[in-house]
Undergrad: 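Have a look at this one.
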Amino acid sequence: MEEAVSLLPELAIKEKHVQEHRLPDLADVTGEVRMRLAPSPSGPLHVGHSRMAILNDEYVRRYGGKLYLRIEDTNPSNIDLDAYHLIPEDLEWLGVKVHEIVVQSKRMNIYYNEAKKLIERGSMYICECQQSDFKNLKLQSKACPHRERSPETNMAAFEKMISGGYSKGTVSAVVKTDLNHPNPSIRDWIAFRVKEETHPLTGKTYFAYPMMNFSVAVDDHYLDLTHVIRGKDHLNNTEKQSYIFHYMGWKKPHYYHYGLVHIPGTILKTSIIKKGIRDGTYSGWSDIRLGTLLTMKRRGYRPETFRKYWVGSGMREIDSEFSWEIFNSINREIIDPDARRLWFVPNPTRLKIQGSSELKSSAPFHPGNPSLGERTYSLGSEPEIFIPEKDWLSIRENERFRLKDLCNVIRTPTGIRYADNSHEDLKKIRIVQWTPSDSSDFIVEKPDGSIDRGKIEPLFSKVKGVSQFERYGYVNIDPEKRVGYYLH
RNA sequence: GCUCCGAUAGUGUAGUCCGGCCAAGCAUACCGGCCUUUCAAGCCGGCGACCCGGGUCCAAAUCCCGGUCGGAGCACCA
């Protein structure tokens, strides 16, 4: 290797420029790791979710081990049945290797059993206070009247609770913590509550559902997780969950909390998207305006882009702004080598090239990759063509400009006239893309919800996937529908 | 208000735990040049940052204290 470097000094220089970010090592790794992704099934995944998926996957790949997908469906009022299959599909597309899927609603008896152990040990009690009373007492660091009841009484109440003996809001199972804890939300937190809704998966089987902090602690233990990576918004939850680990004498996994990312310029909130789909504002989960993985896939983003971006962002606890600029630049690097060039003319203006003999055009599908072939058109004499209205409006009379890969023309008072086909002053004159008169109508849907209508050159039918519309942008095209989805 | 986090160029980050190799690296954006029949890509060069104030130390982006700014959580969501 050293020899090679000295023989090719430019290689050594190159080496310096490809330095990539590497995620920090995890603490206390002994052999394999076991980690998890824990989304709630309220809808498909979006860009924000992709971070936790990629980060966890990266580490399981680095150290070997097991990655669980744990569907957290213990709140029957916030479940979308489609999410149970959409989430694994999103992950597969992202290239995240899930080894096992765990569904919490199928583990209810595990949670009940652990709760009973805590009740026996006097670490959990059943509270029958009014919600507001319970809250007020806690704020004053005072115990509620049910806190010191005997384990037997609590056990009986818990049995009644899980068999449907209480109605919603009248009872809860509470984990004893520390009533003097400075953070009121950490004081005696609720572990189970009654839900009367029908659960999409288990129907009316259960009446008492665990709160996230309880089921997460129990599952993290029984799945024998070594490391947990999640957003900073879980910092308080980590502290709440640690009480369970402490009471049970369980060994805690290592926790990492990455900072929150603000993702500008797109719609991510599942509740808003759902409402929009219901009332017809959005066409579905892959509506062009959304930030779901389904939408991004449809626009032509590559899964590798997500991985590279999130690995580069690391695991710091700083909050940050998602950079579309950088994200798109990563994606561009991946797609550009295969992106065929095409001419698309938005808002076309039809012009006749006066005074021309028969014209022919020939342009490569990719200037950097001649093997992708070329597109050629024979136009006859004095052909009609389309150019973008925007260009036409800014071209002055007598201005000589070039129709790319065709010929130079001059604007006359009434239209355009053939000038020449000199390549000499290409750097000085305006070069405009054009399409022949027999071009197809084509529509480009853009992420801001707007639509560009125009003409696309006939040979677009040979192209599928992401192409680069010259002087316009990258577009993922659907030749059948004659529609493209704007990428960047 | 309370609790807990954090602060490196326009943006995203490396370095911070174990102070010196950091007169701070990389990417992106921007500027200039080359190449090019795209306002794409590529290549070369450039601009640009350790929040502020004290302290410890031979030495601080790194440790300590105070301030400022930003963020998260705050109880029957996950």
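Quick note on labels: first sequence line is chain A, next is B, and so on, each numbered from 1.
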Undergrad: Can you figure out which of B:U38, B:U13, B:U36 approaches the side chain of A:Lys427 most closely?
TA: B:U36

Undergrad: Pick the closest RNA chain B nucleotide for A:Pro184 and for A:Leu235 by heavy atoms, then say which residue is nearer the 5' end.
TA: A:Leu235

Undergrad: Less than 3.5 Å between a donor and an acceptor, one on the side chain of A:Glu325 and one on the base of B:G10, is that the case here?
TA: yes

Undergrad: Do A:Arg147 and A:Asp188 come close enough that some side-chain heavy atom pair is under 4.5 Å?
TA: yes

Undergrad: Which one, B:U11, B:G71, B:A41, comes nearest to the side chain of A:Asp319?
TA: B:G71

Undergrad: Regarding A:Gln433, tell me which of base, sugar-phosphate or nothing describes its non-hydrogen contacts under 4.0 Å with the strands shown.
TA: nothing

Undergrad: Just wondering, more than 12 heavy atoms not from A:Gln140 lying within 6.0 Å of its CD?
TA: yes

Undergrad: Heavy atoms under 4.0 Å, any strand shown: does A:Ile326 hit a base, just sugar-phosphate, or nothing?
TA: base

Undergrad: Need one value for A:Pro182: base, sugar-phosphate or nothing, where a base atom within 4.0 Å counts as base even if backbone is also close, heavy atoms only.
TA: sugar-phosphate

Undergrad: Report which part of the nucleic acid A:Arg332 touches: base, sugar-phosphate, or nothing (heavy-atom distance under 4.0 Å, all strands).
TA: sugar-phosphate

Undergrad: Rounded to the Å, how far apart are A:Phe134 CZ and B:C74 P?
TA: 16 Å

Undergrad: Take the protein atom NE2 of A:His234 and the nucleotide atom C1' of B:U3, then report the distance between them rounded to whole Å.
TA: 18 Å

Undergrad: Considering only B:A78, B:U28, B:U13, which nucleotide approaches the side chain of A:Ser40 most closely?
TA: B:A78

Undergrad: Ignoring the backbone of A:Gln468, work out which of B:C76, B:U38, B:U37 is nearest its side chain.
TA: B:U38

Undergrad: Does a side-chain N or O from A:Ser323 land closer than 4.0 Å to OP1 or OP2 of B:A29, or not?
TA: no

Undergrad: Please state how far atom CD in A:Glu317 lies from atom C1' in B:G73, giving the value in whole angstrom units.
TA: 13 Å

Undergrad: Does atom CD of A:Glu399 have more than 12 heavy-atom neighbours from other groups under 6.0 Å away?
TA: yes

Undergrad: Do A:Arg193 and A:Phe207 have side chains that get closer than 4.5 Å, going by heavy atoms?
TA: no

Undergrad: Of all the choices, B:C74, B:G12, B:U38, which nucleotide is nearest to the side chain of A:Ser320 once you look at every atom?
TA: B:G12

Undergrad: Would you say the side chains of A:Gln433 and A:Tyr472 form a donor-acceptor pair under 3.5 Å?
TA: no

Undergrad: Between atom CZ in A:Arg316 and atom P in B:A72, what is the gap in whole Å?
TA: 18 Å

Undergrad: Which listed nucleotide (B:U28, B:A78, B:U37) is nearest to the side chain of A:Leu426?
TA: B:U37

Undergrad: Tell me the interatomic distance from A:Asn237, atom CG, to B:C5, atom P, rounded to whole angstroms.
TA: 15 Å

Undergrad: Nearest whole angstrom, please: distance from the P of B:C69 to the CD of A:Glu321.
TA: 20 Å

Undergrad: How would you label the contact of A:Ile330 with the nucleic acid (heavy atoms, under 4.0 Å): base, sugar-phosphate, or nothing?
TA: nothing

Undergrad: Would you mind pulling out the nucleotide paired to B:C43, Watson-Crick or G-U wobble, both distances under 3.5 Å?
TA: B:G33

Undergrad: Of all the nucleotides listed (B:U3, B:U37, B:A78), which has the minimum atom distance to the side chain of A:Glu72?
TA: B:A78

Undergrad: B:C69 pairs with which nucleotide, Watson-Crick or G-U wobble, both distances below 3.5 Å?
TA: B:G6

Undergrad: May I have the distance from A:His488 (atom NE2) to B:U28 (atom P), rounded to whole angstrom?
TA: 14 Å

Undergrad: Where the side chain of A:Lys232 is concerned, which of B:C76, B:A7, B:G71 is the nearest nucleotide?
TA: B:G71

Undergrad: Hey, would you say the A:Phe322 and A:Tyr309 ring centroids sit under 6.0 Å apart?
TA: yes

Undergrad: Examine A:Phe460 together with A:Phe344 and report whether their ring centres are nearer than 6.0 Å.
TA: no

Undergrad: Looking only at N and O atoms, is any donor in the side chain of A:Glu239 or the base of B:U3 less than 3.5 Å from an acceptor on the other one?
TA: no

Undergrad: On RNA chain B, check which nucleotide each of A:Asp336 and A:Arg193 is closest to and give me the residue with the more 5' one.
TA: A:Asp336

Undergrad: Give the rounded distance in Å between these two atoms: CZ of A:Arg51 and C1' of B:G12.
TA: 11 Å

Undergrad: Would you indicate, yes or no, if B:A78 has its OP1 or OP2 atom less than 4.0 angstrom from a side-chain nitrogen or oxygen of A:Thr74?
TA: yes

Undergrad: Scan A:Tyr111, A:Phe214, A:Tyr125, A:Tyr209 and name whichever one has a ring-ring contact (aromatic ring centres under 6.0 Å, His included) with A:Phe192.
TA: A:Phe214

Undergrad: Where the side chain of A:Tyr474 is defined as all heavy atoms beyond and including C-beta, which of B:A78, B:A41, B:C74 is the nearest nucleotide?
TA: B:A41

Undergrad: Quick one: label A:Met212 by what it contacts on the DNA or RNA (base, sugar-phosphate, nothing), any heavy atom closer than 4.0 Å.
TA: base

Undergrad: Counting any heavy atom closer than 4.0 Å, what does A:Lys195 reach on the DNA or RNA strands: base, sugar-phosphate only, or nothing?
TA: sugar-phosphate

Undergrad: Under a 3.5 Å cut-off for both distances, is B:C58 Watson-Crick or wobble paired, and to whom?
TA: B:G20

Undergrad: Under a 3.5 Å limit for both distances, which nucleotide forms a Watson-Crick or G-U wobble pair with B:C26, could you say?
TA: B:G12

Undergrad: Once you apply a heavy-atom cut-off of 4.0 Å, does A:Ser77 come out as touching a base, just sugar-phosphate, or nothing?
TA: nothing

Undergrad: Do A:Arg341 side-chain and B:A40 base share a donor-acceptor contact under 3.5 Å?
TA: yes

Undergrad: Under 4.0 angstrom, heavy atoms only, what part of the nucleic acid is A:His181 near: base, sugar-phosphate, or nothing?
TA: nothing

